[in-house]
Amino acid sequence: MIIRSEKDVTEAVLGEMHRTPSARTKELLSALVKHLHAFVRETKLTEREFQEAIGYVNAIGQKTTPSHNEAMLLAGALGVSNLVCLTNNGVGGTRPTQANNLGPFFRAGAPKCEDGASLLRSPTPGPELTFKGWVTDLHGKPVAGAEVDVWHSSTVGLYENQDPTQAEMNLRGKFTTLADGSFGFTTVKPAGYPVPTDGPAGALLAAQKRHNMRPAHLHFLIYKPGFKTIASQVYDPQDPHLDTDSQFGVTQALIGNYEEQKDGSYRLEFTFVIEPGEARLPRAPISAKAAA
Ligand SMILES: [Fe+2]
């Protein structure tokens, strides 16, 4: 259609939606256009701001590499990752869930481990942590044979993919739950860490004068056919950034009980509840380790 005023633009774009064969794609694109246009009108976006926004979006892609996922980092910093998680889990958001953001640091292909194995693949200083977990269904029945990926940062706050001094797949492992739904491992107690700030996500935090810390946590990804695959994180209640997580990931259901022992080591027990649904592993946000 010929556009006569700004009011016609939204109608013109929405008018092109009718050819879209997929009903879901049509719904998503229509809502996206409506909200984007409403945003421009509400904020009276200037031309200069629009040019800066285009540069910002391009920079997200330019910052992304096989060992870093800037779009995932930014989605977390805007709270979108956890919103998508909470509306899609816990029986459609109606009950607490152990599901949480996958985060930008999951790598596929972690080594398969025996129950109780260590996640250390190169010397990694820090207090020892012994973890014991269970996977159950919504009725508390053990789920045996679930595959559980585990990964976390070192005590200096770096994942192995960010840190050439750590061995390949250090602090990562893949476990299978036993007949009682349990699995366990030993590792070092993770520390809180700063998320990278040298890209657009960092510019966002700087513009808002926000810190870039994440409270200490372990990551999990639980896969079992017949159940909805969930990513999870278990947070350290002692961490000073627990209620100001720069990725908005901390939920009440995921605050763990990291119990300090007399010898300075820690123990943590945690139960993950999974619900019926589609078993589908997410696309890994990164695929490689940073070069030295
Ligand atoms: Fe993390």
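Both ligands and their constituent atoms are indexed starting at 1 by order of listing.
Remark: aromatic rings of His217 and Tyr193 are close, center separation under 6.0 Å. Annotation: Phe185 is in aromatic contact with Phe131 [ring centroid separation under 6.0 Å]. Between Phe105 and Trp151, the distance from one ring center to the other does not fall under 6.0 angstrom.
Contact of the Phe183 side chain with the Phe272 side chain is registered, since non-hydrogen atoms from C-beta on lie closer than 4.5 Å.
Going from atom OG1 of Thr65 over to atom CD of Glu70 covers 9.5 Å, rounded to the nearest 0.5 Å.
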Worked check of salt bridge (Lys or Arg N to Asp or Glu O under 4.0 Å) between Glu147 and Lys174: CA-CA 7 Å; Glu147 291 181 9; Lys174 189 173 199 135; 3.6 Å; yes

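Looking only at protein N/O/S atoms, the ones less than 2.8 Å from the Fe ion (ligand 1) make 4 in total.
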